[in-house]
Amino acid sequence: MSLTRKQLGMALAAGLVTAGSIVVVTVAMMMASEPPATQVITESAVNLASPPVVASSSPSLSPSASAPASPSASPSASPSRSKKKTPSKSPSPTPSKTTPPIKTWPSGTKASASSVHASNVVDGVTRHYEAAGAIDGDAATFWNDDTADQQPDTLTITTPAKVTVAGVAVTSHVDGIISEYQVQTWNGSAWVTQGKVSASTAMTRTISFADPVTTTKVRVVVTGVVNQSSRIAEVKPAV
């Protein structure tokens, strides 16, 4: 209810308003230019014995159910492209250097034989029959063995270092042709036959190897002759 100040005093005197009440007075004052307004006191009594109840001016809003969060769009993962590994080029094998076959015996080459006939004089000319006569490039000089009619006889040529030989040309002497023989090379541990000649009547025969051979020794093994002794005037590398 609304009370004037006079009415409020009367209510207090009559005991109508107790100390247990809370009086909220609202006084509206008019401006000085306005006629004095009656001050209005609004009373709202609340029992102090009970705990104060604070009334909410607006109904409590229940927390709104949070809307399900829209799933954040994960960036579409572009399929990873595996990088093609460039195959590493294996180094080209270094071609082995092939030594070309020799055409002449190198300096320092030596010859030896199973036996050597002693020097003698023929038609007033002294002859020497050492094995070296078979590699000196002179067909007038030759090796002559010292075991007539007893074969085999061997003539061995040794180079100062390894050489590649594709074959040899063997030249006999007019005094007597070698008709059967083998050409062999040394492989470091054994002799290997590279070619055979039989029933030959040629003064010179060329024996080509199946493949070039790298070696330090070549030998001719004579197993048959026309005139008692083994005679070789020249043994040369043949290409």
### Task
Measure across Ala139 and Ala233 and return the closest heavy-atom pair with its distance rounded to 0.1 Å.
O-CB, 3.6 Å
### Query
Say you draw a straight line from CG of Asp211 to CD of Gln194; how long is it, rounded to the nearest 0.5 Å?
8.5 Å
### Query
Do Thr99 and Val163 come close enough that some side-chain heavy atom pair is under 4.5 Å?
no
### Task
Ignoring hydrogens and angles, tell me if any N or O in the side chain of Asp138 forms a donor-acceptor pair with the backbone of Ala140 under 3.5 Å.
yes
### Task
Please list all pairs passing the side chain to side chain donor-acceptor pair (under 3.5 Å) test where one or both residues lie in residues 154-164, with sequence neighbours left out.
Thr164-Thr214
### Heavy-atom check, side chain of Pro237 versus side chain of Val168, under 4.5 Å
no
### Task
Mark yes or no for whether Glu234, through its side chain, and Gly137, through its backbone, hold a donor-acceptor pair below 3.5 Å.
yes
#### Entry: Closest non-hydrogen atom pair between Ala238 and Ala169, with its separation
CB-N, 4.0 Å
### Query
For Val226, does its backbone N or O pair with a side-chain atom of Ser179 as donor and acceptor, under 3.5 Å?
no
### Message
Could you work out, with side-chain hydrogen bond (donor to acceptor under 3.5 Å, both in side chains) as the rule, every residue matching Asp146, not counting sequence neighbours?
### Response
none
### Query
Where the side chain of Ser229 meets the backbone of Arg231, is there a donor-acceptor pair that is under 3.5 Å apart?
no
### Hphob cluster co-occupancy, Val221 + Trp186, side-chain heavy atoms under 4.5 angstrom
no
### Task
Just do the side chain to side chain contact (heavy atoms under 4.5 Å, CB included) check on Tyr181 and Ile207 with the steps written out, would you?
CA-CA 11 Å; Tyr181 56 93; Ile207 298 89; 3.9 Å; yes
### side-chain contact (heavy atoms from CB on, under 4.5 Å) against Ser107, all qualifying residues, sequence neighbours excluded
none
### Query
According to the ring-ring contact (aromatic ring centres under 6.0 Å, His included) rule, which pairs have a member within residues 204-239, sequence neighbours left out?
none
### Query
When rounded to the nearest 0.5 angstrom, what is the spacing between NE2 in His173 and CG in Asn227?
11.5 Å
### Query
Who passes side-chain hydrogen bond (donor to acceptor under 3.5 Å, both in side chains) against Thr204, sequence neighbours left out?
Thr171
#### Entry: Pair listing, ring-ring contact (aromatic ring centres under 6.0 Å, His included) test, anchored in residues 212-234, at least two apart
none
### Query
Do Gln184 and Val220 come within less than 4.5 Å of each other through their side chains, counting heavy atoms only?
no
### Query
Are the side chain of Gln151 and the backbone N or O of Gln228 linked by a donor-acceptor pair below 3.5 Å?
yes
### Summary
Applying side-chain hydrogen bond (donor to acceptor under 3.5 Å, both in side chains) to Thr104 and not counting sequence neighbours gives none
### Message
Among residues at least two apart in sequence or on other chains, which ones pass side-chain hydrogen bond (donor to acceptor under 3.5 Å, both in side chains) with Asp175?
### Response
Arg127
### Task
Could you walk me through whether Thr185 and Arg219 pass side chain to side chain contact (heavy atoms under 4.5 Å, CB included), step by step?
CA-CA 6 Å; Thr185 57; Arg219 79 175 181 178; over 6 Å; no
### Message
For Ala134, give me all partners under side-chain contact (heavy atoms from CB on, under 4.5 Å), at least two apart in sequence or on another chain.
### Response
Trp143, Leu155, Ile232
### Exercise: identify the closest heavy-atom pair between Val116 and Ala113
CG2-CB, 4.2 Å
### Message
The criterion is side-chain contact (heavy atoms from CB on, under 4.5 Å); which residues satisfy it with Glu180, sequence neighbours excluded?
### Response
Ser198, Thr223
### Message
Using 0.5 Å steps for rounding, measure from the CD1 atom of Ile157 to the NZ atom of Lys217.
### Response
12.5 Å
### Task
Kindly write out the residues that satisfy side-chain contact (heavy atoms from CB on, under 4.5 Å) with Ser172, not counting sequence neighbours, or none if the list is empty.
Ile177, Ile178, Met203
## Note on the structure
So the side chain to side chain donor-acceptor pair (under 3.5 Å) pairs with at least one residue in residues 113-122 (sequence neighbours excluded) are Ser119-His128, Asn120-Tyr129
### Query
Looking at Ala131 and Ala111, what are the two nearest heavy atoms and their distance?
O-CB, 3.5 Å
